Every structure is written in structure tokens, then in C-alpha cells.
**Q** 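Below is a structure I'd like to ask you about.
Source: prediction; values computed, not measured. So that the names make sense, note that chain A is the first sequence line, chain B the second, and so on, each numbered from 1. Below, all heavy atoms of this structure are taken into account, side chains as well, without hydrogens, waters or symmetry copies.
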Number of protein chains: 2
Amino acid sequence: MEKKIAVTALAALAQDNRLDVFRLLVQAGPEGMPAGAVAEALDLAPNTLTFHFDRLRTAGLVTARREGRSIIYAAQFAQMNALVAFLTENCCGGVLCAPAASCKPARKRAKEPA
Amino acid sequence: MEKKIAVTALAALAQDNRLDVFRLLVQAGPEGMPAGAVAEALDLAPNTLTFHFDRLRTAGLVTARREGRSIIYAAQFAQMNALVAFLTENCCGGVLCAPAASCKPARKRAKEPA
DNA sequence: TCCATATTTCAACGATTATCGAAATGTTGG
DNA sequence: CCAACATTTCGATAATCGTTGAAATATGGA
């Protein structure tokens, strides 16, 4: 991960409401949840929420997809893991002294067997 | 770790120069290094550096101790690990799916055997 | 004590940030 | 097409941030 992206990602997480948004999406899992549901859960104005989603998206921490009238936001676990790895990679004088944490959400079955 | 501290720590790391400072201290190890050495290594004005050190210290990410005329700053690995743990703890719907990364700097020998 | 070194404090400044209100955009169903 | 819904865009505002220059504070040595 480039340092510039790391700073952007850290800045994206370094705000009360955005940290709440991100953690909510992390808990929601890879399927994500609609912007409106996030707005209701955290009691945030929709335009304010858009502002925060933009920050998270620019940092690569969430993705957005349209589904009907809603826009579904989902956490990007890979990016979160990359950030954690970046923070710990130079730990202990450059010697890797512990594996970086990694979070792989339960794999969605490709096809539900009949 | 409390959310408030997590936000403070993330904000402390979410800035170019401070991220450089912190990583330099992480590489320097638990002994730390004098403010002046950091200033020279990163080409930062001493008063600017004091500002950044304050942020990192408030976040619990570094500690300071006086040694002669110098003030030695050192990374707080425990706090860094706590932050990483906080970021990953609610991963995967609350189910802990991976151990948080942890960085324990090599233990300093209590006494060099003669 | 006086001087040089190392770092911090203070006041100021332009830049960025988070939030708000109002209006615009895209989507679905009647 | 029109109305209701879901979300975004735009303009404005107060608050915070990062840097600078000048002055202050501590420490150690001559």
C-alpha cells in the first residue's frame, strides 16, 4: 500500500461518524447495506452521509453499487487488511515479528445447492 | 480501546509528517530517539515537530522522556496493537475470524551477562 | 555565571473539514 | 408522464489543522 493511500484511509477512519459508518458496514458483512439504512441506524442527514461515504470510497474502504432505488455500500475488507498490514509492516526494526491481522468474511457460496 | 481514543489515534496517524514520524519511531524500536534526530531525519522544523509529537502523545502512540538536553520519543507498541485490534474486532459480523496483529519489540535483556 | 544547545510556547495565517439547507438527479410504480 | 422515494450536488458557514516566525524555557559545560 502506498503511503498516500494509507494517509487517506486513516483520515477516512479518523472521524466519529465515519468510524461508526465503517464499523457498521464491517458488521453488515460483504453484502453491505443501503445508504438509507445506514442513515437511519446512525441518525445522520443523507447529504452528510454522502459526504462521508465519499471519503471512505476515495480511500478504497467501501464500494457502492446501485440496487433499485437504493445504493448499497459495502466495506472492502481487503483494503482494511492492507491498511493494518501497512501500519505493522515496519514494526520491530523492519523484522516481521507478527503476522498482520486479516479479516476474510465468510465466503458466499457460489450457488446454493438444490 | 474506547472509540474516542481510537479516533484520536487514527487522526494522529492520518497526516503525512506524523505518519513518517511514527513509523520512524517504530523502526527505532522501544528505546526511541531524540526529537532533534527525528527533526533532522525528516527535515522538519523543531516547533512543527513538537506540534506533531503532541498529537501522537495525546493519542498514546508515543511517550517522551528527558535525557540530558534531549527529549527522547518512543513509539508505544501496545497502543498501536490496541488500535489495530479495535479496527478488526468487529470484523465478520462480530465473530472473531482472525487474530489481531501484534508487535512485541524484542525484549531488552534485563542485564547483559558479564 | 554566561553561553550554547535542545526543545517548547505563543500568536498568526491560509487551508481543510464537517455540517446544514435547498435544489437537483435518478428510479420505480400508477 | 407524474408523483413519491432515495440519494447526490451545490453553496455557505463555523471549527479545526499544519506551518511559520519570534520568543521563552530548560539543561550542561566553560
**Q** Nearest-Å distance, CG (Leu19(B)) to C1' (dG18(D))?
**A** 15 Å
**Q** Any chain of hydrophobic side-chain contacts (each under 4.5 Å) joining Leu24(A) to Leu87(B)?
**A** yes
**Q** Under 3.5 Å, which N/O atoms of the protein pair with N/O atoms of nucleotides 28-30 of chain D?
**A**
residue : atom : partner  : partner atom : Å
dG28(D) : O4'  : Arg69(B) : NE           : 3.3

**Q** Verify the contact: side-chain N or O of Tyr73(B) to OP1 or OP2 of dA6(C), cut-off strictly under 4.0 Å; return yes or no.
**A** no
**Q** What pairs meet the salt bridge (Lys or Arg N to Asp or Glu O under 4.0 Å) rule with one or both residues in residues 3-12 of chain B, with sequence neighbours excluded?
**A** Asp16(A)-Lys3(B), Asp20(A)-Lys3(B)
**Q** Can you check each nucleotide of nucleotides 16-24 of chain C against protein heavy atoms at under 4.0 Å and return B for base, S for sugar-phosphate only, - for none, in 5' to 3' order?
**A** -SBBBBB--
**Q** Going by side-chain contact (heavy atoms from CB on, under 4.5 Å), Val62(B) matches just one of Met80(B), Gln79(B), Arg57(B). Which one?
**A** Arg57(B)
**Q** Using a 4.0 Å heavy-atom cut-off, does Ser70(B) contact any base of the nucleic acid, only the sugar-phosphate backbone, or nothing at all?
**A** sugar-phosphate
**Q** Does a nitrogen or oxygen in the side chain of Arg66(B) sit under 4.0 Å from OP1 or OP2 of dT27(D)?
**A** yes
**Q** Do Thr63(A) and Tyr73(A) come within less than 4.5 Å of each other through their side chains, counting heavy atoms only?
**A** no
**Q** Okay, side chain of Gln76(A), backbone of Ala78(A): is any donor-acceptor separation there less than 3.5 Å?
**A** no
**Q** When you measure from the centre of the six-membered ring of Phe86(A), is the NZ or CZ of Arg23(B) closer than 6.0 Å and no more than 45° off the axis?
**A** yes
**Q** Give me the atom names and distance for the closest heavy-atom approach of Met33(B) to Ala28(B).
**A** SD-CB, 3.8 Å
